[in-house]
Participant: 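Dropping the structure in here first, questions after.
Within every chain, numbering begins at 1; the chains are lettered A, B, ... in the order of the sequence lines, protein sequences first and strands thereafter. The model shown is predicted, which means the values in this text are computed figures rather than measured ones.
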Protein chains: 2
Amino acid sequence: MHAPDGSRLAALAALLADPTRAGVCLALLDGRAWTAGELARHTGVGASTISAHLTRLTEGGLLAQERQGRHRYVRLADAGAARLVETLASQAAPAADPPRTLRTSRANEALARARTCYDHLAGRLGCALTDAMTRRGLLRQDTGFALTEDGLAWFGDHSIPLERTRSRPLARPCLDWTERRTHLAGTAGAALCAHALNARWLTRIGSGRALRITDRGAQALGEALGLDADTLR
Amino acid sequence: MHAPDGSRLAALAALLADPTRAGVCLALLDGRAWTAGELARHTGVGASTISAHLTRLTEGGLLAQERQGRHRYVRLADAGAARLVETLASQAAPAADPPRTLRTSRANEALARARTCYDHLAGRLGCALTDAMTRRGLLRQDTGFALTEDGLAWFGDHSIPLERTRSRPLARPCLDWTERRTHLAGTAGAALCAHALNARWLTRIGSGRALRITDRGAQALGEALGLDADTLR
DNA sequence: CGGACGCTTCGTCCGCGAACGCACCGTCCA
DNA sequence: TGGACGGTGCGTTCGCGGACGAAGCGTCCG
């Protein structure tokens, strides 16, 4: 075993060093599978071009694909790939020029409010949940980033199963692009997100990664975490 | 505020998408400042070439530079930059072809045994320390990654000051390239490393990032963590 | 069965950027 | 006050790769 040489690192970075491929990976950060055509339209590039890019990303191990009929579905390969894109995105973020059109402004506002980040919750909602959990002593951030005993119990009380795997941390921080603060990721973050969508606490807006809080969700989150979810509507 | 677009992410990734620049960043992961000439020799490239690369990396915000006389010293700009390179390196790692010469084999063995990773300890030693701390209940990894109360006290007992800053976590996991496991990073990891070097528990081998355990260090680590440091010699 | 559709393959064009050598500038030392 | 040395700027070369369009292939649906 030897230290990774520059060429391997460069080859991996090169996959993300193109605006189109970077746009693809950012789009896939919503954690779902997109078709090649959707990504072509989303990045504003031809069908043949996106096809080549998806092939490169897949062969590079960043994307996983699945073919269904005449569709090619791609998604981020694993949590490691998602973490890489996240890290890059949060480090690249510091541009803050105002959006130009009302339409994109609305879309950005929705994203800033609540969205998925790969498999967990982000945006103001994600941060508010994380803060509430910290305030209630379910999560500790002052000595690192970990669930407490009370936190473990909380998940149990709400029948949210926590898979304890060796390869993936139960709780880890993820830096939020819009809030510039950390929110809950890892197995627990994913479980919470899955539960919130399953129990209809949250629903997706259209087909994107933006989320909306339901009435039931506002009530449930108010009870479970003392969160004033109305302000996040 | 809006989501980072592909071009920003791509521009950042492009900085690391070149073998020479990637080699520079990996070298700088030892946390120290290198001169332009050292990096040119290290990457096997001309002086003018390395100069241009260092300028690009600095302007991109990944490197910080400092001029002393006719020397140009560069180092990684901040913990964020280091984390980015780490993440990329650990994701890129899976090549394991054996080293070709005895010389590089020796060097790799030394690196695998004990080294710095930006500002904290890595290699078998770093992982062993992290494991020992976990075993002794100073560090919890099963619910995330955080120091325990006992852990905080341990740092106090050994007069290792822990700066509690808001922007940087006290403890976070860092994936080790050689061990494929996590070791302690963050403020606590940095403080431990600094203390170990200060107290001469460890010394640098030559000018690289490899470390050697001193007799005093073996004894101190044995007492403080019950670590059998002899096996790491 | 035919046509629309989603994706892929191929050929082509074109621009970016990495590397080098050389001339040059400032610094350090004998 | 030279001369060696570390680093910079410029001009040149050259290969890589991203984009497009056209043609082709399999899939779905009317």
Side-chain angles (χ1 to χ4, degrees), chain A residues 5-28 32-75 88 207, chain B residues 5-28 32-75 88 207:
Chain A
D5 58 330
S7 3
R8 294 215 137 253
L9 201 159
L12 178 59
L15 290 178
L16 295 161
D18 171 82
T20 304
R21 285 194 297 269
V24 165
C25 291
L26 283 173
L28 292 176
R32 294 176 309 148
W34 292 48
T35 67
E38 285 171 333
L39 289 169
R41 282 185 295 276
H42 181 260
T43 54
V45 96
S48 60
T49 304
I50 207 71
S51 177
H53 283 311
L54 295 183
T55 301
R56 275 197 67 179
L57 285 168
T58 304
E59 285 175 351
L62 283 182
L63 262 49
Q65 59 182 345
E66 211 169 319
R67 320 194 85 113
Q68 273 178 31
R70 56 182 167 179
H71 293 284
R72 177 193 203 174
Y73 284 95
V74 293
R75 53 185 168 76
L88 221 28
S207 61
Chain B
D5 57 328
S7 5
R8 293 214 137 255
L9 200 158
L12 178 58
L15 290 177
L16 295 161
D18 171 80
T20 304
R21 285 194 297 270
V24 166
C25 292
L26 283 174
L28 292 176
R32 294 177 309 147
W34 292 48
T35 67
E38 286 171 335
L39 289 168
R41 282 186 295 277
H42 181 259
T43 54
V45 95
S48 60
T49 304
I50 207 70
S51 177
H53 283 310
L54 295 183
T55 301
R56 273 196 69 180
L57 286 167
T58 304
E59 285 174 352
L62 283 182
L63 261 47
Q65 58 182 347
E66 208 170 321
R67 320 194 84 111
Q68 272 178 33
R70 56 182 167 181
H71 292 284
R72 178 193 203 174
Y73 284 95
V74 292
R75 54 186 168 75
L88 221 26
S207 62

Participant: For Leu39(A) and dG18(D), give me the distance from atom CG to atom P, rounded to whole Å.
Facilitator: 16 Å
Participant: Would you please confirm or rule out a distance under 4.0 Å between OP1 or OP2 of dG6(C) and any side-chain N or O of Arg72(A)?
Facilitator: no
Participant: Can you tell me how far P of dT9(C) sits from CD1 of Ile50(A), to the nearest Å?
Facilitator: 15 Å
Participant: Does the side chain of Arg67(B) get closer than 4.0 angstrom to OP1 or OP2 of dT8(D) through an N or O atom?
Facilitator: yes
Participant: Ignoring hydrogens and geometry, is there a side-chain-to-backbone donor-acceptor pair from Glu59(A) to Arg56(A) under 3.5 Å?
Facilitator: no
Participant: Distance check needed: dC7(C) C1' versus Glu66(A) CD, whole Å only.
Facilitator: 16 Å
Participant: Grab the CH2-P distance between Trp34(B) and dG6(D) for me, whole Å please.
Facilitator: 16 Å
Participant: Mapping Arg70(A) and Thr49(A) to their closest nucleotides on DNA chain C, which lands nearer the 5' end?
Facilitator: Arg70(A)
Participant: Any base atoms under 4.0 Å from Ala47(A), or only sugar-phosphate, or nothing? Heavy atoms, all strands.
Facilitator: base
Participant: Reckon His71(B) has a side-chain N or O less than 4.0 Å from the OP1 or OP2 of dC28(C)?
Facilitator: no
Participant: Once you round to the nearest 0.5 Å, how far does SG of Cys25(B) lie from CG of Leu63(B)?
Facilitator: 6.0 Å
Participant: Could you tell me the separation between the CG atom of Leu57(B) and the C1' atom of dG17(C), rounded to a whole number of Å?
Facilitator: 14 Å
Participant: Which listed nucleotide (dG7(D), dA19(C), dT8(D)) is nearest to the side chain of Thr35(B)?
Facilitator: dG7(D)
Participant: Carefully, step by step, assess Thr55(B) and Arg72(B) under the rule side chain to side chain donor-acceptor pair (under 3.5 Å).
Facilitator: CA-CA 11 Å; Thr55(B) 301; Arg72(B) 178 193 203 174; 3.2 Å; yes
Participant: Does a nitrogen or oxygen in the side chain of His53(B) sit under 4.0 Å from OP1 or OP2 of dG17(C)?
Facilitator: no
Participant: Does some side-chain heavy atom of Leu12(B) sit less than 4.5 Å from a side-chain heavy atom of Leu16(A)?
Facilitator: no
Participant: Specify the separation, in whole Å, of atom CG of Leu54(B) and atom C1' of dA18(C).
Facilitator: 14 Å
Participant: Quick one: do Ile50(B) and Val24(B) satisfy side chain to side chain contact (heavy atoms under 4.5 Å, CB included)? Show the steps, please.
Facilitator: CA-CA 9 Å; Ile50(B) 207 70; Val24(B) 166; 3.9 Å; yes
Participant: Tell me: CZ of Arg21(A) to C1' of dC16(D), nearest whole Å?
Facilitator: 12 Å
Participant: OP1 or OP2 of dA18(C) versus the side-chain N and O atoms of Arg56(B): is any pair under 4.0 Å?
Facilitator: yes
Participant: Looking at dA19(C), I'd like to know if its phosphate oxygens (OP1 or OP2) sit under 4.0 Å from a side-chain N or O belonging to Thr20(B).
Facilitator: yes
Participant: What is the distance, rounded to the nearest whole Å, between atom CD of Glu59(B) and atom P of dT8(D)?
Facilitator: 12 Å
Participant: Would you kindly compare Gly44(A) and Gly69(A) by the position of their nearest DNA chain D nucleotide and give the one closer to the 5′ end?
Facilitator: Gly44(A)
Participant: So which nucleotide from dA19(C), dC7(C), dC22(C) ends up closest to the side chain of Asp18(B)?
Facilitator: dA19(C)
